[in-house]
Every structure is written in structure tokens, then in C-alpha cells.
Amino acid sequence: MKKEKIIIANWKMKLNLAETLKLAKEIKEKFKNLNKGKIVVCPNFISLIEINKILKNNPVKFGAQDVFWEGKGAYTGEISPEMLVESGCEYVIIGHSERRKFMMENYEIIHKEIKAVLKQKKLTPIICIGENWDERKTDRRDFVLFDQLQQALSGIDITDNQNIIIAYEPIWAIGSGTAIEPSEAEYAHKIIKLTLNDMFGIKTVKENFRIIYGGSITNDNVNGFINLDNLDGMLVGGASLDAEEFYKIAKIILRD
Ligand code: PEP
């Protein structure tokens with residue numbers, strides 16, 4: 001049986017509080033009759049408490065854009081998995097390429113964050129992986145994907161009801177206006193699936209993992225992706241900042 005598709009909005013640091021709440025209300029209204037698939041929005045930290053009020057008991061869920069790996073303590077500026085749960089989050093993005101680039105997040109940090117989130121049990125991690133332009137041009141993509149998955153998830157036990165989302169985001173495609181060719185996404189998703197199968201077994205991957213694509217998806221190019229065998233959803237950045245555009249993308253993916 002195919003998994004329900006998930007469409008996740010990454011609002012990055014693009015909106016202030018008022019803009020975030022306005023967009024959340026518009027999205028809530030658009031998806032009020034949602035009866036299939038999953039919709040998740042990921043606003044900035046300061047909006048989470050208010051977003052929780054707007055989306056309480058709503059089919060649209062929300063998540064954070066980052067998390068720290070400790071539960072409590074002298075970690076100035078950080079936010080723990082428990083705090084995210086307290087604010088109503090059900091999802092959290094981990095290891096986005098912008099954090100790897102600007103905040104120097106490395107494999108060790110990402111691995112610790114995933115471990116802490118899975119230990120917490122109430123959050124679903126959205127783990128971002130993907131090759132940069134140089135790696136792509138020199139035919140290293142397959143190895144990069146294999147390596148990033150190994151570094152992120154090695155030694156982690158997945159229990160029965162834990163969900164994990166792997167977002168394949170070729171770095172060169174993010175925010176570029178050019179999405180990858182759907183056939184290439186399918187190929188990369190297969191590599192990811194085979195690697196995960198090797199690490200965790202076919203049954204666990206089938207039941208606990210989703211593999212989604214992110215990178216310059218719009219309502220104009222999303223059609224090419226809907227028939228891919230190994231695509232369980234989308235992570236949408238720029239195009240999710242407009243409620244109508246995001247709604248159109250979701251409708252196409254969900255074939256609603
Ligand atoms: C992202 O950064 O996660 C993303 C998918 O961005 P965009 O859709 O703007 O390329």
C-alpha cells in the first residue's frame with residue numbers, strides 16, 4: 001500500500017510574526033476540507049506558540065526548522081525537543097543545507113539532533129540530505145547520499161511507531177528556480193531507499209520512512225513528479241510563502 005503523501009512548507013526566516021500568522025490562517029482556510037494526505041508548515045521559532053493556537057486540532061500540522069540535542073541545561077540560545085513538543089510541534093527539520101552552510105552544522109551535530117528527536121518520540125524528524133553542484137558535476141551524488149545517510153542514522157534504532165522523513169534536496173536546486181528532472185529525483189530516491197533498506201531492513205523502511213523531494217518546486221513543475229514510484233511528498237520553500245500557490249501544489253500532489 002502507498003503511504004499518504006506529505007507536503008511540507010519551509011518558511012525559513014522569510015516572514016515576521018504578523019506575516020507568519022496571516023499566512024498560517026490563509027493556509028488553514030485553504031485546507032479546511034483536507035481529507036487526504038498530510039500538510040505541515042514550518043515557521044520560525046518565535047511564531048510557534050501563536051501558530052499552535054491557530055492550528056490546534058486542525059488537519060494542517062506544524063514543525064520547527066531546527067532543534068538542539070540536549071533536553072535542558074546551559075545551552076544559550078538553543079531549543080530542545082521537549083520545548084518543541086511543548087509548543088505543539090509535531091515535526092522538525094534537521095540538517096537543512098542552509099544550516100550546514102551558515103551555522104556550520106556537521107555530521108556529528110545532525111546525528112545528535114536526530115538521536116535526541118527520536119528519543120523524544122513525539123516529533124517526526126525531516127532530515128535533509130543532498131549533493132552540491134560540484135559533487136553532482138563530478139559524479140559523486142550517489143556516494144554523497146549514501147554517506148550522508150550513514151553519518152546521520154548509523155547506530156540509531158528505529159522503533160515500530162517512529163516516523164522519519166528523508167528530504168532529498170539537491171543543494172544547487174534550492175531557491176534556484178530550477179527543479180531537478182523528475183527522473184533524476186526518482187533515481188536519487190531509489191539510492192536513498194536502497195541505502196535505508198540496507199541499514200534498517202525493507203520492512204522498517206516501508207513502514208517508518210518517507211522520502212520526499214525539495215528544491216524549487218512550483219505549481220508549474222510539480223506535475224512531472226506525481227507519478228514517481230519512490231516519492232512520498234515534497235518540501236516546498238519559496239512557493240509555500242503564497243497560500244494559493246502552496247494549495248495548488250498540494251492539490252496536484254494529492255490528486256485532489
Ligand atoms: C528548501 O529550502 O527546503 C526548499 C525546498 O526551498 P525552495 O523550494 O525555495 O527551493
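FYI, side chains are in, hydrogens and waters are out, and symmetry mates aren't considered; it's all heavy atoms of this structure.
The nearest pair of heavy atoms linking Ile217 to Ala179 is CD1-CB, 4.4 Å. Annotation for Asp229 and Glu186: closest pair N-OE1, 3.3 Å, computed over non-hydrogen atoms. Pairing each heavy atom of Ser87 with each of Ile49, the nearest pair is CB-CD1, 3.9 Å. Nearest heavy-atom pair, Gly214 versus Pro170, reported as atom, atom and distance to 0.1 Å: O-CD, 3.5 Å. Closest approach of Cys89 and Ala64 over heavy atoms only: SG-N, 3.7 Å. Here the closest non-hydrogen pair linking Pro182 and Leu228 is O-CD1, 3.5 Å.
Atom NZ of Lys193 has 12 or fewer heavy atoms from other residues, nucleotides or ligands within 6.0 Å. Heavy atoms from other residues, nucleotides or ligands lying under 6.0 Å from NZ of Lys56 number 12 at most. Taking a 6.0 Å sphere around CG of Asp157, one finds it holds 12 or fewer heavy atoms contributed by other residues, nucleotides or ligands. For NZ of Lys14, the number of neighbouring non-hydrogen atoms (other residues, nucleotides, ligands) closer than 6.0 Å is 12 at most. Counting non-hydrogen atoms of neighbouring residues, nucleotides and ligands closer than 6.0 angstrom, the CD atom of Glu207 exceeds 12 such neighbours. With a 6.0 Å radius and a threshold of 12 heavy atoms from other residues, nucleotides or ligands, Phe146 has its CZ atom at or below the threshold. Within 6.0 Å of CG in Leu17 there are more than 12 heavy atoms belonging to other residues, nucleotides or ligands.
Using a distance-only test at 3.5 Å, with no hydrogens or angles considered, no donor-acceptor pair links the side chain of Asn197 to the main chain of Val205. In this structure a side-chain-to-backbone donor-acceptor pair under 3.5 Å is present from Asn208 to Asp160. Proximity of a side-chain donor or acceptor of Arg100 to a complementary backbone N or O of Gly95 within less than 3.5 Å is detected. A donor-acceptor contact shorter than 3.5 Å is absent between the side chain of Lys203 and the backbone of Phe200. A donor-acceptor pair is defined here as one N or O able to donate and one able to accept, closer than 3.5 Å; no such pair exists between the side chain of Ser240 and the backbone of Phe246. For the pair Gln148 (side chain) and Leu145 (backbone), a donor-acceptor distance under 3.5 Å is absent. With hydrogens and angles disregarded, a donor-acceptor distance shorter than 3.5 Å links the side chain of Lys3 to the backbone of Lys206. In this structure a side-chain-to-backbone donor-acceptor pair under 3.5 Å is missing from Tyr213 to His189. Ser216 contributes a side-chain N or O that, together with a main-chain N or O of Gly177, makes up a donor-acceptor pair within less than 3.5 Å. Within the 3.5 Å criterion, the main-chain N or O of Leu55 finds no donor-acceptor partner in the side chain of Lys28.
Here the options are Ile127, Asp232, Ile6, the test is side-chain contact (heavy atoms from CB on, under 4.5 Å), and the partner is Ile165; only Ile6 passes.
Between the side chains of Tyr168 and Glu131, at least one donor-acceptor pair of N or O atoms lies under 3.5 Å. Side-chain contact annotation: Asn230 with Lys190, donor-acceptor N/O pair under 3.5 Å absent. Inspection of the Ser47 and Asn44 side chains reveals an N or O donor paired with an N or O acceptor under 3.5 Å.
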Salt bridge (Lys or Arg N to Asp or Glu O under 4.0 Å) between Glu98 and Lys12, intermediate numbers included
CA-CA 9 Å; Glu98 286 152 11; Lys12 311 191 183 196; 2.8 Å; yes
Between Asn223 and Asn221, does a side chain to side chain contact (heavy atoms under 4.5 Å, CB included) hold up when you go through it step by step?
CA-CA 6 Å; Asn223 261 304; Asn221 61 22; over 6 Å; no
Apply side chain to side chain contact (heavy atoms under 4.5 Å, CB included) to the pair Thr218 and Val222, showing each step before the final yes or no.
CA-CA 6 Å; Thr218 65; Val222 68; over 6 Å; no
Steps toward side chain to side chain contact (heavy atoms under 4.5 Å, CB included) verdict (Gln150, Met199):
CA-CA 8 Å; Gln150 290 281 343; Met199 294 175 76; 3.8 Å; yes
Decide yes or no on salt bridge (Lys or Arg N to Asp or Glu O under 4.0 Å) for Glu244 and Lys30, but give the supporting numbers first.
CA-CA 8 Å; Glu244 176 62 16; Lys30 294 265 179 216; 2.5 Å; yes
Decide yes or no on salt bridge (Lys or Arg N to Asp or Glu O under 4.0 Å) for Glu50 and Lys53, but give the supporting numbers first.
CA-CA 5 Å; Glu50 291 301 315; Lys53 293 179 194 158; 2.9 Å; yes
Under the side chain to side chain contact (heavy atoms under 4.5 Å, CB included) criterion, do Ile126 and Val92 qualify, and how do the steps go?
CA-CA 6 Å; Ile126 303 157; Val92 57; over 6 Å; no
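The aromatic rings of Trp133 and Trp172 stand perpendicular to each other, their planes meeting at an angle above 60°, with 30° marking the opposite boundary.
Using a 4.0 Å cut-off between charged side-chain N and carboxylate O, Arg141 and Glu184 make a salt bridge. Under the 4.0 Å criterion applied to side-chain N and carboxylate O atoms, Lys248 and Glu245 are not assigned as salt-bridge partners. A salt bridge is absent between Lys25 and Glu29; no separation between the charged side-chain nitrogens and carboxylate oxygens falls under 4.0 Å.
Residues Phe225 and Ile8 are members of separate hydrophobic clusters, defined by side-chain heavy-atom contacts under 4.5 angstrom among Ile, Leu, Val, Met, Phe, Trp and Tyr. Cluster membership for Phe143 and Ile191, using ILVMFWY side-chain heavy atoms within less than 4.5 angstrom, is not shared. Hydrophobic cluster membership is shared by Ile180 and Ile7, with clusters built from Ile, Leu, Val, Met, Phe, Trp and Tyr side chains linked at under 4.5 angstrom. Linking ILVMFWY residues whenever their side-chain heavy atoms come closer than 4.5 Å, directly or via other members, leaves Tyr107 and Ile94 in distinct clusters. Using a 4.5 Å cut-off between side-chain heavy atoms of Ile, Leu, Val, Met, Phe, Trp and Tyr, with links allowed through other members, Phe209 and Met234 fall into the same hydrophobic cluster.
Ring centroid separation for the pair Phe31 and Tyr247 comes in under the 6.0 Å cut-off.
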Less than 3.5 Å apart, which donor and acceptor atoms pair up between the side chains of residues 108-122 and the rest of the protein, not counting sequence neighbours?
{"from": "His111", "atom 1": "ND1", "to": "Gln151", "atom 2": "O", "distance (Å)": "3.3"}
{"from": "His111", "atom 1": "ND1", "to": "Ala152", "atom 2": "O", "distance (Å)": "2.8"}
{"from": "Gln120", "atom 1": "OE1", "to": "Lys122", "atom 2": "N", "distance (Å)": "2.9"}

